[in-house]
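Letters A, B, ... are given to chains in the order of the sequence lines, protein chains preceding strands, and every chain is numbered from 1.
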Amino acid sequence: MNFLASTSCTGDGLSTSSSSIKEGDCVIVYEGMNSMKAVYVSTKGRYDNRFGTFKHESWIGKPFGSKVTSSNKGASGWVLLLRPTPELWTQVLRHRTQILYLADISMVVTHLDLKPGSVVLESGTGSGSLTHSLVRAVAPTGHVHTFEFHAGRAEDAAAEFKQHGLSGLVTVTQRNIEELGFPDTLHGAADGVFLDLPAPHKVVPSAAACLRPNGRFCAFSPCIEQVQRTAEALSSSGFTDLITYECLLRECEDVGGVAGGKTGEKAGAVGTSAETACGQEANEPPQGQGQGAAPGCALAAAGDAAVGRSRVVSWRPSAEARGHTGYLIFARKFVCG
Amino acid sequence: MNFLASTSCTGDGLSTSSSSIKEGDCVIVYEGMNSMKAVYVSTKGRYDNRFGTFKHESWIGKPFGSKVTSSNKGASGWVLLLRPTPELWTQVLRHRTQILYLADISMVVTHLDLKPGSVVLESGTGSGSLTHSLVRAVAPTGHVHTFEFHAGRAEDAAAEFKQHGLSGLVTVTQRNIEELGFPDTLHGAADGVFLDLPAPHKVVPSAAACLRPNGRFCAFSPCIEQVQRTAEALSSSGFTDLITYECLLRECEDVGGVAGGKTGEKAGAVGTSAETACGQEANEPPQGQGQGAAPGCALAAAGDAAVGRSRVVSWRPSAEARGHTGYLIFARKFVCG
Amino acid sequence: MAADGLICEGDHLVLDVNGEKLSIVQKLKATGKIRVGKFLVPAAPLIGAPYGALFEVTNDGRSLQRVLLPPADEITRIAETEKNNSDLFDRNTENQKLTQEQIEELKKSGKAGAEIIQALCSNSATFQNKTEFSQDKYKKRKAKKYLTYLTVREPCARILCEAYYDKAPERVYNLRHDSLAVMMSLANVAAGAKVLVAEQCMGVLTAAAVERLGGVGAVCGLQVDDRPAPLDAVRQMNLSVAQRSVLFTAPAGSLLRDKEAAVRGQLFRNSGSDVAANGKRNEPQEDKPAAEEEQQQQQPPVTAADETPPPRAAAAATATAVEAATSAEGGAEGDGGTAEAMEVDERPVDQPVSTSAAGDGDAPVAVTGLFLVTENALLVEEAAAAAAAARTGSGGEVAEEAVGRPPAAKEEQVDVGGEPRQRRGGGGGGGGGGYGAFLPRPEHLRAVLTSGFDSCLVALPRVHPTALLAAVWPLLAPSATFAVFSPWAQPLAEAMSHLQTSRNAVLLQLQESWLRPYQVLPSRTHPHMTCSGTGGYVLSGIKIIPPDATPLELQLQFLYQSQTLPSSQNQQPSIGLGKGKEEGPTEVRKEEGQDGG
Amino acid sequence: MAADGLICEGDHLVLDVNGEKLSIVQKLKATGKIRVGKFLVPAAPLIGAPYGALFEVTNDGRSLQRVLLPPADEITRIAETEKNNSDLFDRNTENQKLTQEQIEELKKSGKAGAEIIQALCSNSATFQNKTEFSQDKYKKRKAKKYLTYLTVREPCARILCEAYYDKAPERVYNLRHDSLAVMMSLANVAAGAKVLVAEQCMGVLTAAAVERLGGVGAVCGLQVDDRPAPLDAVRQMNLSVAQRSVLFTAPAGSLLRDKEAAVRGQLFRNSGSDVAANGKRNEPQEDKPAAEEEQQQQQPPVTAADETPPPRAAAAATATAVEAATSAEGGAEGDGGTAEAMEVDERPVDQPVSTSAAGDGDAPVAVTGLFLVTENALLVEEAAAAAAAARTGSGGEVAEEAVGRPPAAKEEQVDVGGEPRQRRGGGGGGGGGGYGAFLPRPEHLRAVLTSGFDSCLVALPRVHPTALLAAVWPLLAPSATFAVFSPWAQPLAEAMSHLQTSRNAVLLQLQESWLRPYQVLPSRTHPHMTCSGTGGYVLSGIKIIPPDATPLELQLQFLYQSQTLPSSQNQQPSIGLGKGKEEGPTEVRKEEGQDGG
């Protein structure tokens, strides 16, 4: 019920429910960077992990972002309770299919030009990873029509959306879009269409029929051959501005600091070098060590003092990386009339 | 005459000529990062630029890496004279065609497993950018057979190799390799084959005939469709271990330092923090500011003191970048016998 | 109906010329001219056309003509060619039999671009021998020269980001559209959210946040400098009154002080004596929405509130309160007395809070929407300097210098788009304002001060992110999502390390978005040969209530739950900022006892 | 003949299993066994086969069988499928009708892997409904499980780099083969070059340099630490005597002192009194090549000197001088007295220079190839500390600590390849030596000391590159090309900035190599889904004689041209290091007056 801030807005358009946990809420239980679980809060519910047993009851009323301790006697185990977001959901959801991740999702939402009020079509629904982000983008007044070939997956997705309080914003339909295209009822109704199918080129004519003029199209394909066929189909179906992107997020790791706070001398040294910071050229970035303050910034000096500035930090790109997810081909429906 | 150290070796295998400039030498005249020219030294030669006139005569006997001043009266213009390398040549050569650059060249040489003594075939010669690196890799006992469709380009390349003293290491032949394949005389003679042609797949059978068992093949193609066809041809011509790479060098720019040496206090501060450097965890990189010395390194402490360690440096990737050059497909000739 | 409505007079536009170059037109005038490539043509044909419509510059270069069918792509579909270019030397000019004069004559004779290109091809000595792919390339190159197509785009944050990045990447610190997209996701910006934005990227992040809220929620543009940051992107979108109403700007200092007052429970009482300075303090009033409604009724009828831009006052000299409240750009056009309207937080204590634009009438709240606006700036400076000195031992002088601001805000001509633009855009939906200033609605301010911001976007690359995050930390609600942008990785890595140690945040990630555009054409598919090398770095995470909070920290954490500090902090007006430092990730450096659970 | 010769007993090999995993075999024994995937099989079939040959593990998992024809790739060639996987759930085990017991039975029955895979496909409930592409994927996955192919590769620096990177990237600091390739280019490493290498990446850079020289030129492995760096990669290649002869190792301190002596013209005179310490100083002798020839004659006849690895002594206990000179791994196998052979520069002054392995006979030069080997280590320490203190004002303690080394070199088990290996590899072509130590030939030493190194490779990520470059700078000839590797960009950026300011180098570039492997299959072409995220950063440049050298600097520059310093530096044994600092980019900080010309 708490997935989107906009679904729990009061009259003034500002959410009030997001601050504390209620029954029925989806909570992301954080045990570690790679150990999170989605839990639906019920008064009788229990959460068990290696650190102990946690009673949901004790979570209710706590603000999201809180640490809660295990109810075992004498146990000191704890977990964090985070407010769900589509990004967290992507990390905890049950994989029914391969899913889209942050980089591609962000590109799809942004380059489909989705806004509150937009109507967007999606096929297939898959595990609903992207769908949550689409819903977030078009809420509270838009709608996502999502289609899934596989009946079981369609059902699971619909149940999930309902549990997340999104039923009013998304409709899941079981349908073979590659063979049948989108329903006629959606013709001329969509601001955006997104396809993640083995043969998106087959659906291009139907997508063209559904899109309003200037509406935007996107297909995700792991292989370049699919993109080539989709591009051909788009060119011959009244689309323009074709552009194919590949987008990856490269993570930086090994961000380790030599902990500061050891010596008074250091702080003094930092102060000395900070003294010269204002003579720094404006075209230089802020410097955490040695030179910290951007000139003329009211917060920098105080903030840097707060930092202590005695830590030395290094980073490098992560050694293991996602090398490829897929290509995103975008196009715009030509504005004829 | 001075392009390769190995061509001017004395009996003990160590070059002696590289230290000073002689008549006939190719010299890279450096005026700036993006302003370099190749000049062949002759006693009567002159080099003119906006800073003045430079007489070659005054260059002779100077060590490579020297600064020379203009011979104009009262002029203070100067240039640097660098020893030529294949990398510098790539930056100064006259473009007769599109050329290969550092990243691809390095991959080709390394993944063809070229060593002194290797025999390698190249088509086409183009502007000779890669050829110089191939020659460097196989010298002093190997050979590069390079083929160029265009007669004029073949002649130009041959003249260039002669001027660079490489005639004994490289043979240029005018020949349409796509139509005719490599000459029969080279069958079974090559350790490596490199193709940069519009339709490399046509040449795969000929390449297979020329390569020794376990010999390596590489083709450079800007478009993926060419790679796909080449891969098909390789699979059906007794090649194995197919792998396609794309390699780019990403430049870091904006490396600006806040010049140090301003204050005595700074040096003192640096000393203080260096003092704690040995307590630094071994898994941390060396730190230019604040923490400088790797533990237990004889040079680090003294060196860091030398550095002064009062500069703060920032960098970021260059905003404009080469986005793509081409794909490199490598394969190995199967070892049957 | 088209997805993005029709082009109206007064709209801002993004012009896309030949799919290559984006430029921005502000306040389209039906009688004006616009620059399209190298041509200056009357803008009239655009009015009433749908967004996304295609136009062509006529052969004489003097007018625009609507193109109603997609132009043929003229792409060769063959997979393989029997020709090759091996015997061609690239000597472009020598191979063309037509002289430059002849080409000029063709153009003057009124031939269509397509005809000229045909003539060029048939008069090229080498064209017929080129491969079909090279012929395509040749024609395409010529088409760019002799055909000028214009697509008119509705300005949205994404396309404005692209336009800025292409034209003047340094003005947006290389913030590329993909990094922007990722930040919006990671910060969970959506309708209903309360978003804190601190940026100096031409307003791109603020615009994106406003766009994503769709009129529901609140966006606070935090002012950390001595003057409001430029919000060009916000002003260049055709926002409706409803959309724009979510936005307000606030100086960091006053917001922090308001926050502190809120947690002390003193926000809505007139507590005169507890602050050294006193000024007019206006009680929040709830008549604001009514005022807005009234203003909307004064406007011409609109088809859809969300899609039609509000009318804008053409001139500013005689702005009345009502005009100021609805004018987007005109409000503070002048200088002198009018300019003061935006310096809400900066004026000396004894100068009364007033604004020439909106000082009376039915929008007084809009003017003094920040509850504690009359704090003496000098006091803040001194306190900050003292705090800094106490921490560094010798940093006092620095702090003072860094905090110091010129006595009067100095305006700069910011002309990113390359288009002529006004020196100052006007205020937001709530009232008139100065350069970059939008005044808050009281319900917004109350909401963000009591429950905190859900979401935080930062792109102030000149300010160290550690410092900035420490400063805004008290404003964020627990479980708030944040995303910080910088073109440099190192400061973000430092901030990340700091947050890791502090244990005030989880799911910390420092990422670089890597984007690759492709050419997908039959037999010619490859990534673009040149591309942007960097789109910047993004540090993201989620604020938490630190698990192993010490008693002191726990005490401070309770502030979020509106408990009262045991000791009075009244004599220390810097506590708003000071708390940020204590509360922030500064002091907590412990070993991770348990892997997060 | 195959391009890479035949596999011989005693060779080192790289095993490539199913094109997925590389492992290293050291000193192949005809009677031994090797691990291939999950199987341990006799190595005998490998002997005499050509490098690059393909083998298959037999069905019983007990032996290797040569494969003489390339296995069919079994790749579907269709472009489009009419099927789709939409109604399949991925429940691998449930869909397979064969039980694990049945599969085991099939295996025991001696069925070939291909037959088992066929059985699995026909017993899969979903196989027939899968798309052809999914069928390929399924078969490929099963093939990896039931078929084990082995390709035997000749170890070269590139493939060793790949093997280390895959197995233990942290041991090579993420030095990836493409970065290695770029460094070789940028440093202009080629036959005839004089290459200075300072690395701690398992010898990968040293091995690559030795390989590229092909027996012509010189490679000096610089020892900057208290003990020689591991050179595993060099030892794991099947280098001929000629190839290996180019390599020697030298402690930085002694090389710098030798350099200083060389520029004073004192290198080849017995200058006893000018150094506080004295030891046995052997005049260089030119009878070394003769000794080498003699040793080669004692070996069995070889077909091609370059391609056949030298015989190696199996045991080390009774090593004689001759054996030591030709043994690659055995020389210093023991400990105690034998181990001292490698500590040429480290022993106290009053201990005579000797080595049990090569202390007499016809290779005395090899033992004392560094001309000034008997410097008192303590003196060096004190001097370095004093120099450091003089510069930093307070760094003395640090310098001492950093320079200080344990009295006896402590060996570590370095087992990157995961294969059993000897604790110590032996010396180079010139004589016996210890862990990582190869003694120089006098003509090499003379050449690099008089004219300087042409080329410099650095990969010592734990040492700040600014410091390292400053230290080795005097050893480089003008116009020398250098390439410095680090997994971290920041230290390299600092070094680059330093060099930019110093104006001692041009063409400075800081680059990151970006590598993308692709799967190219019909209708299934895409970059690999997972790949290595970083291959490190490379700083490169060319040393020059600084254009605006001050008189002092000019004076120092002349040292390169073998001129004599006006004042005697004899009483300052630290000048070798000290000069590095003065000569290096430290002191010269000027504005660029003219754009390089």
message = Please classify the contact of Ile224(B) with chain D as side chain, backbone, both or neither, using a heavy-atom distance under 4.5 Å.
response = side chain

note = Counting heavy-atom pairs under 4.5 Å with chain D, the top scorer among Val109(B), Ile105(B), Leu82(B) is Leu82(B)

query = Less than 4.5 Å apart, any side-chain heavy atom of Thr481(D) and any of Arg83(B)?
reply = no

inquiry  = Can you tell me which portion of Leu180(D) sits under 4.5 Å from chain B's heavy atoms? Options are side chain, backbone, both or neither.
reply    = neither

ask   = From Glu211(D) CD over to Asp113(B) CG, what is the distance, rounded to the nearest 0.5 angstrom?
value = 7.5 Å

Pairwise distance OH(Tyr30(B)) to CG(Leu507(D)) - rounded to 0.5 angstrom = 5.0 Å

query = Of the backbone (N, CA, C, O) and the side chain (C-beta and beyond), which part of Val538(D) lies under 4.5 Å from a heavy atom of chain B, both, or neither?
reply = neither

inquiry  = Looking at every non-hydrogen atom in both residues, tell me the closest pair between Cys336(B) and Leu68(D) and how far apart they are.
reply    = O-CD2, 2.8 Å

ask   = So His177(D) and Tyr245(B), would you call those rings parallel, tilted or perpendicular, with 30° and 60° as cut-offs?
value = tilted

Heavy-atom closest contact (Ile243(B) atom, His528(D) atom, distance) = CD1-CE1, 4.0 Å

task = Mind ranking Tyr327(B), Phe239(B), Phe334(B) by heavy-atom pairs under 4.5 Å with chain D and telling me who comes out on top?
result = Phe334(B)

query = How about Pro140(B) and Val216(D): do any of their side-chain heavy atoms sit closer than 4.5 Å?
reply = yes

Heavy-atom pair with the smallest gap, counting every atom of Ser66(B) and Ile545(D) = OG-CD1, 3.6 Å

key: Among the listed options Arg332(B), Glu246(B), Arg250(B), the residue most often paired with chain D at heavy-atom distances under 4.5 Å   = Glu246(B)

ask   = Taking all atoms of both residues into account, what is the closest heavy-atom pair of Ser106(B) and Ser185(D), and its distance?
value = OG-OG, 2.8 Å

Asn214(B) vs Glu154(D), side-chain contact (heavy atoms from CB on, under 4.5 Å): CA-CA, chis, key distance, verdict = CA-CA 10 Å; Asn214(B) 210 30; Glu154(D) 166 96 85; 5.8 Å; no

query = Hey, are the side chains of Met184(D) and Thr110(B) touching, using non-hydrogen atoms and a 4.5 Å cut-off?
reply = no

Distance in Å, Leu88(B) CG paired with Ser479(D) OG, rounded so as to fall on 0.5 Å steps = 7.5 Å

ask   = When rounded to the nearest 0.5 angstrom, what distance separates CD in Gln511(D) from CG in Leu248(B)?
value = 11.0 Å

Structural part of Glu87(B) lying under 4.5 Å from a heavy atom of chain D = side chain

key: Rounded distance (nearest 0.5 Å) linking atom CD of Glu251(B) with atom CD of Gln509(D)   = 4.5 Å

pair Leu213(D)-Pro116(B): side-chain heavy atoms closer than 4.5 Å = no

note = Separation between CG (Leu249(B)) and CG (Leu186(D)), nearest 0.5 Å, reads 7.5 Å

